[in-house]
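The sequence lines fix the lettering, A, B, ..., with proteins before strands; numbering per chain opens at 1. In this text, all values refer to a predicted model and were calculated from it rather than measured experimentally. Side-chain atoms are counted along with the backbone in the values below, which use heavy atoms only and exclude waters and symmetry mates.
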Amino acid sequence: MSAPNCLVANDWICAEYLRTRREELTDALVQHIGLTAASVVIALLVAVPLALLVRARPRLAAPVLGLTTLLYTVPSLAMFSLLLPVFGLSSALVVTGLVLYALTILVRNTLAGLEAVPVETREAARGLGFGPWRLLWQVELPLALPVLMAGLRMATVSTIALTTIGSVVGRGGLGNLIEDALPTFFKAQVLAASVLCVLLAVTADLLLLGVQRLLTPWSRAQGAPGGG
Amino acid sequence: MGVVTDAWAWLTTGAHWTGEEGVAARLAEHAYVSLLALLIAGAVALPLGLWLGHVGRGGALAVNVSNVGRAVPVFAVLALFMVSPLRNAGYVPTVTALVLFAVPPLLTNAYVGVREVDRAAVRAARGMGMTGGQVFRRVELPLAAPVVMTGIRSAAVQVVATATIAAMVGQGGLGRIITAGFALYDTAQVVAGAVLVALLALLVEGVLIGLDRLLVPRAPRPPRT
């Protein structure tokens, strides 16, 4: 009934828990964000060159796309376990596993974005004397950005959810809190960590949507009413 | 290399396959909860998705439900079930969680599949005097079949993969071999379990690709010119 007793009564929602364990919650959240950010950034750094390579050598498309899809099929608990002999119980293990999952989404979307650039636009840029690098940086990548960003958002959101499984090796961010609370059926902790996880995913998605708006001002201008 | 041979030795030890917590029993549990969840999810999501696609309504719902699904951690959902009274209900927590995660791909693909059928074909069928039901059965359904099958495939693979997570909250399935290995600090068992789970996921994917090829009518290839 009164607030301080909710820890004893094992209520689902407990302000006392949030207040007394703030530090624990913040640490788990920071670890969660760190693991997710590292995984998505590394996956992006691998996926974009891979997509460019596949586009330049279409013969590589089938093996690269096939392999990343195959990796995506492997269940996450199995993936982390299979990497265990290589990395031991470390953050590197969790990040590697998460990178492998994010790759599938990112490679596909980068490729789809680049392929959606109209041939005429590319020809026009070449006609204006654009070299291959300038063509890529100033024409193709900006035009591919909406599809690429859609992939990045999808990859980020699913990586945030998957990070919880890292708790199997003790590196799961908010997942650790969930796992710790299970044996004692500590409801407030399971609910708080789960809700934080979903809130984190929603926040990250909105942030990336904001970044996409900032990076592609032209798509907004097009839709604006009264625009010339 | 040592780990691989150790894992192989673990897998080829007959004693690990028998008994209440052996591989065979875990495999049966895994297959049972996966199949049950897939059947329930299919019975709910496929008719609903196909119907929404046929009448052309509820598109936002059908598409958004899959995006929301991606943001929710399976582990968190299962853990929430396990700290609720549901924990005493046998396989119910696992099956419920699996159904929740299988519905989005089934619903979205069924809706999108029917929705994306060439409108000209639908109008032509109507022009020939077909009723709504006939249009659905003889035009929309066959043309939507490839997309619907893709949805079934991804749902099935997702269910088999997700059933592994059930072990982390103490429910049954092949994942238990992995978590038991962690508890015993037995890396060989962890890797053996992971290999079994990965093989099962790939097997399911392979079988469904095969079924897809057999069942779904293909458009005739354009003649070479």
Original post:
Given the options B/Gly175, B/Ala7, B/Ser154, B/Ala161, which has more heavy-atom pairs under 4.5 Å with chain A than any of the others?
Top reply: B/Ala161
Original post:
Given the options B/Thr187, B/Val204, B/Val72, B/Ile165, which has more heavy-atom pairs under 4.5 Å with chain A than any of the others?
Top reply: B/Ile165
Subject >> Top contributor to chain B contacts, counting heavy-atom pairs under 4.5 Å, from A/Ser194, A/Ser167, A/Ala201 >> reply: A/Ser194
Original post:
If you count heavy-atom pairs under 4.5 Å between each of B/Thr164, B/Val191, B/Leu80, B/Val197 and chain A, which one has the most?
Top reply: B/Leu80
**OP:** Give, as side chain, backbone, both or neither, the part of B/Ser84 having an atom under 4.5 angstrom from any heavy atom of chain A.
**Re:** both
Subject >> Per-residue contact mode, A/Ala161 against chain B (heavy atom under 4.5 angstrom) >> reply: both
**OP:** Using a cut-off of under 4.5 Å on heavy-atom pairs, state which of A/Leu162, A/Thr184, A/Thr164 scores highest against chain B.
**Re:** A/Thr164
**OP:** May I ask you to test the A/Val168-B/Phe75 pair for a side-chain heavy-atom distance under 4.5 Å?
**Re:** no
**OP:** Against chain A, work out which of B/Gln158, B/Met82, B/Glu205, B/Met168 has the most heavy-atom pairs shorter than 4.5 Å and name it.
**Re:** B/Met168
Original post:
Given that the side chain runs from C-beta out, which part of A/Met79 has a heavy atom under 4.5 Å from chain B: side chain, backbone, both or neither?
Top reply: neither
Subject >> Heavy-atom side-chain proximity of B/Val160 to A/Pro75 below 4.5 angstrom >> reply: no
Original post:
Roughly how far, to the nearest 0.5 Å, is the CZ atom of B/Phe182 from the CG atom of A/Leu77?
Top reply: 7.0 Å
Subject >> Part of B/Val77 within contact of chain A (heavy atom distance under 4.5 Å) >> reply: neither
**OP:** Identify which of A/Val74, A/Leu182, A/Leu191, A/Val198 forms the greatest number of heavy-atom pairs closer than 4.5 Å to chain B.
**Re:** A/Leu182
Original post:
Take atom CZ in A/Arg22; do more than 12 heavy atoms of anything else shown fall under 6.0 Å from it?
Top reply: no
Original post:
Non-hydrogen atoms of chain A under 4.5 Å away: do they reach the side chain of B/Val157, the backbone, both or neither?
Top reply: side chain
Subject >> Top of B/Val169, B/Leu202, B/Leu174, B/Thr162 for chain A proximity - count of heavy-atom pairs under 4.5 angstrom >> reply: B/Leu202
**OP:** Measure across A/Lys187 and B/Val83 and return the closest heavy-atom pair with its distance rounded to 0.1 Å.
**Re:** CE-O, 3.3 Å
**OP:** Examine whether an atom of B/Ile178 lies under 4.5 Å from a heavy atom of chain A, and if so say whether it belongs to the side chain, the backbone or both; otherwise answer neither.
**Re:** side chain
Original post:
Take atom OH in A/Tyr72; do more than 12 heavy atoms of anything else shown fall under 6.0 Å from it?
Top reply: no
Subject >> A/Leu70 versus chain B, the contacting section by heavy-atom distance below 4.5 Å >> reply: both
Original post:
So with a 6.0 Å cut-off around OH of B/Tyr32, is the heavy-atom count from everything else above 12?
Top reply: no
Subject >> Proximity breakdown for A/Leu84 and chain B, heavy-atom pairs closer than 4.5 Å >> reply: side chain
Original post:
Relative to chain B, which segment of A/Ser76 carries a heavy atom at a distance below 4.5 Å: side chain, backbone, both, or neither?
Top reply: side chain
**OP:** Please check if atom CH2 in B/Trp8 has more than 12 non-hydrogen atoms from other residues, nucleotides or ligands closer than 6.0 Å.
**Re:** no
Subject >> A/Ile13, CD1 atom: more than 12 neighbouring heavy atoms under 6.0 Å >> reply: no
